[in-house]
Amino acid sequence: MLAGPPPGSTALDTSVLLHAESGFDRGERMSRTIDALTAQLGAGALLYRYSGMEREEHTFVASAFWRVGALACVGRHDEAIAAMDELVAMSNDVGLYSEMISARDGSFWGNLPQALSHLAVVTAALTIRQVVPPKALEGH
């Protein structure tokens, strides 16, 4: 079971990014939430899943792809595509992802392959395909 901040905590958790995909929030509030999560939990294109995780584990692959989908949903298409391109380049030699990636050296940690990571990749790609104009996708 995944741990995270307890209910009522002020700690951040990237699972809130899934609200953009659901259609619950695709506005300015979600855009600011993405920025806060990126500022506090980001490591390049990667994200730690919740506040304090950097002391416990490595970045959480699914969180990074949740961010891609959320960026696309709030209309930040160029950022979504750039992040997706960067993350796709982080897969291993056969296109698979582990559960976590070290922000220090790019090494894979946790389960490999990880189904949740791959579900997040596919969901992010489908979201981009749905909301980003086809012209912006040329070459990707």
Side-chain angles (χ1 to χ4, degrees):
M1 185 166 114
L2 296 173
S9 170
T10 59
L12 298 176
D13 188 318
T14 59
S15 64
V16 74
L17 293 169
L18 296 170
H19 287 295
E21 299 257 357
S22 75
F24 176 75
D25 185 352
R26 291 187 175 191
E28 184 57 33
R29 181 176 176 177
M30 180 55 72
S31 188
R32 288 191 314 269
T33 299
I34 295 166
D35 291 340
L37 290 167
T38 301
Q40 292 189 32
L41 303 178
L46 299 167
L47 288 173
Y48 292 96
R49 192 173 74 79
Y50 54 82
S51 297
M53 189 175 169
E54 72 282 355
R55 294 186 301 271
E56 302 168 13
E57 297 181 343
H58 298 282
T59 64
F60 195 62
V61 173
S63 293
F65 285 104
W66 295 342
R67 179 179 170 269
V68 167
L71 284 166
C73 287
V74 299
R76 294 166 62 176
H77 300 156
D78 291 342
E79 290 175 75
I81 292 167
M84 185 72 165
D85 287 347
E86 190 172 344
L87 291 166
V88 166
M90 291 181 187
S91 69
N92 71 8
D93 61 327
V94 292
L96 296 177
Y97 294 91
S98 62
E99 180 179 6
M100 296 174 279
I101 295 177
S102 169
R104 288 184 300 280
D105 64 12
S107 60
F108 281 15
W109 289 84
N111 298 324
L112 174 70
Q114 170 56 280
L116 183 59
S117 297
H118 294 94
L119 175 63
V121 172
V122 171
T123 301
L126 290 172
T127 299
I128 287 173
R129 184 68 182 249
Q130 282 182 323
V131 302
V132 176
K135 183 124 176 101
L137 298 175
E138 291 177 5
H140 297 279

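Only heavy atoms go into these numbers, but all of them, side chains included; no hydrogens, no water, no symmetry mates. Note that the coordinates shown come from a computational prediction; the quantities given were computed from them, not determined experimentally.
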By side-chain contact (heavy atoms from CB on, under 4.5 Å) - contacts of [X] (at least two apart):
X    : result
A45  : E86, L87, M90
N111 : E99, Q114
A36  : none

Cluster link [X] to [Y], ILVMFWY, side chain under 4.5 Å:
X    : Y   : value
L18  : I34 : yes
L116 : V88 : no
V61  : L71 : no

Got a sec, which residues hit ring pair (Phe, Tyr, Trp, His ring centres under 6.0 Å) with H19, two or more places apart in sequence or on another chain? F24

Non-neighbouring partners of Y97 that pass ring pair (Phe, Tyr, Trp, His ring centres under 6.0 Å), sequence neighbours left out: F65, H118

Under the ring pair (Phe, Tyr, Trp, His ring centres under 6.0 Å) definition, can you give me all pairs with a residue in residues 98-117, not counting sequence neighbours? H58-W109

Only residue of S91, P113, S117 satisfying side-chain contact (heavy atoms from CB on, under 4.5 Å) with L96 is P113

Would you call [X] and [Y] a side-chain contact if the rule is heavy atoms closer than 4.5 Å?
X    : Y    : result
E21  : T123 : yes
D13  : L37  : no
M53  : M100 : yes
I81  : V68  : no
S107 : I101 : no
L12  : L41  : yes
R67  : T14  : no

From Q40 CD over to E54 CD, what is the distance, rounded to the nearest 0.5 angstrom? 10.0 Å

Rounding to 0.5 Å, atoms CD (E28) and CE (M30) come to a distance of 11.5 Å

Any chance the side chains of E57 and Y50 put a donor and an acceptor closer than 3.5 Å? no

Report yes or no: do T38 and D35 form a side-chain donor-acceptor pair below 3.5 Å? no

Are there over 12 heavy-atom neighbours, none belonging to N92, within less than 6.0 Å of that residue's CG? yes

Check whether R26 reaches the backbone of C73 with its side chain - one donor and one acceptor, N or O, closer than 3.5 Å. no

Under the side chain to side chain contact (heavy atoms under 4.5 Å, CB included) criterion, do T59 and L47 qualify, and how do the steps go? CA-CA 5 Å; T59 64; L47 288 173; 5.9 Å; no

Begin from the C-alpha positions of S15 and W66 and carry the test side chain to side chain contact (heavy atoms under 4.5 Å, CB included) through to its verdict. CA-CA 8 Å; S15 64; W66 295 342; 4.2 Å; yes

For I128 and A80, the nearest pair of non-hydrogen atoms, with its separation, is CD1-O, 4.2 Å

Residues V131 and A72: closest non-hydrogen pair is CG2-O, 3.5 Å

Evaluate the criterion side chain to side chain contact (heavy atoms under 4.5 Å, CB included) for residue pair S31 and R76; output intermediate values, then yes/no. CA-CA 8 Å; S31 188; R76 294 166 62 176; 2.8 Å; yes

